[in-house]
**Q** 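I'd like to ask some things about the structure below.
Computation of the quantities below employed the complete heavy-atom set of this structure, encompassing side-chain atoms and omitting hydrogens, waters and symmetry-equivalent molecules.
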Amino acid sequence: MKKVVMALFMMLSFASLQAQEKWSLNLSGGYENFPENPYNKDGYRLGGEVRCYLKSQLYALFDFYVGSNQGSKTLSYLDLNSEMQRGKLDWKRREYGIDWGFGWEFMQLYQHSLYVQGSLGVLICNEHRPKQDWNGNLLSEVEKGREVHTSIGLSLGYDYYLTDHWLVGVNYTGYLHWGGLDKVVSLWILDNSTYFQHTINARIGWVF
């Protein structure tokens with residue numbers, strides 16, 4: 001993980017040497033959704049972003065964020081006596097992600113700006129989830145898991161410049177997470193699953 005962060009920092013530092021225009025620091029927060037999550041699809045996220053403008057409309061970016069989801073659902077499961085029961089099962093997820101990429105402000109009109117950006121990064125998830133037996137049946141016991149995934153993101157956003165140095169905006173970002181490692185108890189196993197994540201965020205930024 002440290003090597004990934006260092007590599008992303010070095011790439012952003014290199015991009016800054018080519019910068020001709022400006023930098024911006026942005027804080028964001030909003031709603032996130034995992035369509036394939038059977039327990040609770042909705043949560044929230046907080047994050048930050050650094051932009052280094054290479055040209056007036058083209059920029060490199062470094063993004064970091066944390067997210068939280070938790071909930072429950074009534075499902076069938078095996079109890080400690082291996083008898084099928086039906087009841088509420090709990091699930092909790094905490095996410096930590098970093099991304100690096102490029103963006104383009106394809107429309108700049110007075111105080112208004114529309115942009116699109118793409119990124120590649122790493123997502124680490126800590127989960128508390130119901131155990132499963134070898135046949136895929138849910139159990140009443142809870143296990144702790146950790147997943148590490150590669151992520152690709154695509155964003156579309158709008159910014160409004162309050163002044164030359166301050167802006168507010170909104171954006172949508174869709175993520176595809178795939179592959180990686182899944183840690184259950186003390187055992188790391190390969191995880192070839194893929195899943196989607198949708199986020200809608202409000203943000204405030206400082207341009208300098």
**Q** On the 0 to 90° scale, with breaks at 30° and 60°, tag the Tyr195-Phe34 ring pair as parallel, tilted or perpendicular.
**A** tilted
**Q** Under 4.5 Å between any side-chain heavy atoms of Thr163 and Tyr161, yes or no?
**A** no
**Q** Could you tell me which residues satisfy ring pair (Phe, Tyr, Trp, His ring centres under 6.0 Å) with Tyr110, sequence neighbours excluded, listed by chain and number?
**A** none
**Q** Within a strict 4.5 Å, meaning less than it, do heavy atoms of the Asp99 and Phe64 side chains meet?
**A** no
**Q** For the residue pair Asn26 and Leu167, establish whether any side-chain heavy-atom pair is separated by less than 4.5 Å.
**A** yes
**Q** Checking His198 against Tyr172 for the side-chain hydrogen bond (donor to acceptor under 3.5 Å, both in side chains) test, could you report, in this order, the C-alpha distance in whole Å, the side-chain angles of both residues, the deciding distance, and whether it holds?
**A** CA-CA 8 Å; His198 306 291; Tyr172 162 81; 2.8 Å; yes
**Q** What heavy-atom pair brings Ser68 and Glu32 nearest, and what distance separates the two atoms?
**A** N-OE2, 3.8 Å
**Q** Shortest non-hydrogen contact from Asn201 to Ser28?
**A** CB-CB, 4.3 Å
**Q** Taking the side chain as C-beta and beyond, is there a heavy-atom pair between Gln117 and Glu49 under 4.5 Å?
**A** yes
**Q** Considering the options Lys92, Arg146, Glu147, which one meets the side chain to side chain donor-acceptor pair (under 3.5 Å) requirement together with Asn126?
**A** Arg146
**Q** Give a yes/no verdict on a cation-pi contact between Arg51 and Tyr115, requiring under 6.0 Å between NZ or CZ and the six-membered ring centre and an angle within 45° of the axis.
**A** yes
**Q** Start with the C-alpha gap between Thr173 and Leu156, add the side-chain angles, then the distance that decides, and say whether side chain to side chain contact (heavy atoms under 4.5 Å, CB included) holds.
**A** CA-CA 7 Å; Thr173 303; Leu156 177 65; over 6 Å; no
**Q** Under 3.5 Å, is there a donor-acceptor pair between the side chain of Ser76 and the main chain of Arg86?
**A** no
**Q** Is it the case that one hydrophobic cluster holds both Tyr44 and Trp91, taking links as side-chain heavy atoms less than 4.5 Å apart, direct or via other members?
**A** no
**Q** Check the pair Val122, Val148 against side chain to side chain contact (heavy atoms under 4.5 Å, CB included), reporting the backbone distance first and the verdict last.
**A** CA-CA 7 Å; Val122 175; Val148 181; 4.1 Å; yes
**Q** Do the non-hydrogen side-chain atoms of Trp23 and Val50 ever get within less than 4.5 Å of each other?
**A** yes
**Q** Checking side-chain polar atoms at under 3.5 Å, does Asn69 have a donor or acceptor matched by the opposite partner on Glu95?
**A** yes
**Q** Determine whether the aromatic ring centres of residues Trp206 and Phe208 are separated by less than 6.0 angstrom.
**A** yes
**Q** Do Leu114 and Asp159 come within less than 4.5 Å of each other through their side chains, counting heavy atoms only?
**A** no
**Q** Side chains of Asn33 and Gln197: do they bring a donor and an acceptor to under 3.5 Å?
**A** no
**Q** So do the side chains of Arg45 and Thr199 get within less than 4.5 Å of each other, counting heavy atoms only?
**A** yes
**Q** Could you tell me whether the side chain of Asn171 reaches within less than 4.5 Å of the side chain of Arg203, counting heavy atoms only?
**A** yes
**Q** Could you tell me whether Tyr175 and Tyr65 have their ring centroids closer than 6.0 angstrom?
**A** yes
**Q** Taking atom NE2 of His112 as the centre, report whether more than 12 heavy atoms of other residues, nucleotides or ligands fall under 6.0 Å from it.
**A** yes
**Q** Would a single hydrophobic cluster contain both Val170 and Ile200, if residues Ile, Leu, Val, Met, Phe, Trp and Tyr are joined by side-chain heavy-atom contacts under 4.5 Å?
**A** no
**Q** Please determine whether side-chain hydrogen bond (donor to acceptor under 3.5 Å, both in side chains) holds for the pair Ser113 and Glu105, giving the CA-CA distance in whole Å, both sets of side-chain angles, and the decisive distance to 0.1 Å.
**A** CA-CA 7 Å; Ser113 174; Glu105 294 185 1; 3.3 Å; yes
**Q** Between Glu127 and Arg94 (salt bridge meaning N to carboxylate O under 4.0 Å), is one present in this structure?
**A** no
**Q** Quick one: pull up OG1 in Thr150 and CG in Leu176 and give me the separation to the nearest 0.5 Å.
**A** 10.0 Å
**Q** Grab the two heavy atoms, one from Val207 and one from Asp164, that are nearest each other, plus how far apart they are.
**A** CB-O, 4.0 Å
**Q** Which atoms form the tightest heavy-atom contact between Tyr96 and Val66, and what is the distance?
**A** CD2-CG1, 3.6 Å
**Q** Any idea which heavy atoms bring Ser151 and Trp178 closest together, and the distance?
**A** C-CZ3, 3.9 Å
